[in-house]
Protein chains: 2
Amino acid sequence: MGAHQDRVDLVIKRLKQKGCRITPQRLAIIRILAESNVHPTVEEIYERVRVNFPTTSLATVYKTVSVMKELGEVLELEFSSDQNRYDGHNPSPHPHCICVKCRSIVDPELGSLAHITRELASGTGYRILSHRLDFYGICPKCQGES
Amino acid sequence: MGAHQDRVDLVIKRLKQKGCRITPQRLAIIRILAESNVHPTVEEIYERVRVNFPTTSLATVYKTVSVMKELGEVLELEFSSDQNRYDGHNPSPHPHCICVKCRSIVDPELGSLAHITRELASGTGYRILSHRLDFYGICPKCQGES
DNA sequence: TTATCTGCAAAATGTTTGCATGCAC
DNA sequence: GTGCATGCAAACATTTTGCAGATAA
């Protein structure tokens, strides 16, 4: 029962509404995603699920994350040179700070991008559905170690 | 001799300064990247190079693009679910509009993100090196076809 | 001349898929 | 009981690497 139980319950409700079944593995994955603020990879989720459910397969984690992504309950940050990262704590688009040394990802405080998005939509004629804003740099911890 | 000859010459000069050799294949790749505004994939560059140099291999295109990326002469847009896209016309970070239907990518007119970057750096303690801002939506052409 | 580049093939990486079995509902 | 989920292995897509021969400077 962490502070994230509400989010866990909400995700379960929405998955059930769509006809999905809540298996022990899925429950564990949902919890990890809801409770984590480190934007884990599928591998990291897999390792954590296997602490309690050692027979869980990587494919199951991929499949569950994929279902949650399709339902909009997890935000995927794609990387071609690395594993994708997932945010199930706050699945709506928001800025990220990504450390190029330790690959940590944090959510910065930043004013809304709504006005930028509007400016862009009117300037280009695009119907904007989503966005991605990543800042790449060196985190305070890695700056201290350099 | 297009309007992009200056950029081609500049990239050649910088590659030479770093001890790189300008082979016919590399010259063709540099030209394609400098002249193109469609943010091509490596495959697309490869197909275009092969019109004039049919023996060129995909590995050579990957290697040349990688060298240019390391020298900061091409901007890489990573995708895990698709091929990466490359901007050799303007290699400094800038916003992109990506159509989720036809996968076209255009550079929108948008005010600088410098103030947002400053706000973010002071708020998080990160030393910001770069950023990525993608807007995902439906382009005017695909809206008309829907 | 010689260090770099090319082209081929193989490897590596991350992710997806097919299918028989198992289990949530 | 039914149909979705699991777990395994194989397939897949993209990118990278190793190396022998070719070539730009």
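Just the heavy atoms: all of them, side chains too, but no hydrogens, waters or symmetry mates, feed the values below.
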Checklist entry - For C:dA24, does OP1 or OP2 lie under 4.0 Å from any side-chain N or O of A:R26? => result no
Checklist entry - When you check the phosphate oxygens OP1 and OP2 of D:dG7, does a side-chain N or O of A:Q25 lie under 4.0 Å from one of them? => result yes
Item to check | pair A:C139-A:C102: side-chain heavy atoms closer than 4.5 Å | outcome: yes
Next on the checklist: Mind checking if A:P24 touches a base, just sugar-phosphate, or nothing, with heavy atoms under 4.0 Å?
Outcome noted: sugar-phosphate
Item to check | A:T23 side-chain N/O to D:dA5 phosphate OP1/OP2 under 4.0 Å | outcome: no
Next on the checklist: The side chain of B:A59 is closest to which nucleotide in this list: C:dG7, C:dC25, C:dT15?
Outcome noted: C:dG7
Checklist entry - Aromatic rings B:H39 and B:H94: how do their planes relate, parallel, tilted or perpendicular, breaks at 30° and 60°? => result tilted
Next on the checklist: Taking the nucleotide of DNA chain C with the nearest heavy atom to each, does A:Y86 or B:G19 sit closer to the 5' end?
Outcome noted: B:G19
Item to check | Sugar-phosphate, base or nothing in reach of A:T56, heavy atoms under 4.0 Å | outcome: sugar-phosphate
Checklist entry - Is A:S57 near enough to D:dT6 that one of its side-chain N or O atoms lies under 4.0 angstrom from OP1 or OP2? => result no
Next on the checklist: Is the ring pair B:F135/A:H131 parallel, tilted or perpendicular, if the boundaries are 30 and 60 degrees?
Outcome noted: tilted
Next on the checklist: Nearest to the B:K63 side chain among C:dG18, D:dC19, D:dT15, which nucleotide is it?
Outcome noted: D:dC19
Next on the checklist: If you only use heavy atoms from C-beta on, which nucleotide in D:dT14, C:dA24, C:dG14 is closest to the side chain of A:Q83?
Outcome noted: C:dG14
Checklist entry - According to a strict under-4.0 Å criterion, is A:N84 in side-chain N/O contact with OP1 or OP2 of C:dT15? => result yes
Checklist entry - Looking only at side-chain N and O atoms, does B:Y62 come under 4.0 Å of OP1 or OP2 in D:dT15? => result yes
Checklist entry - Looking across every strand, which nucleic acid part, if any, lies under 4.0 Å from B:T55 by heavy atom: base, sugar-phosphate, or nothing? => result sugar-phosphate
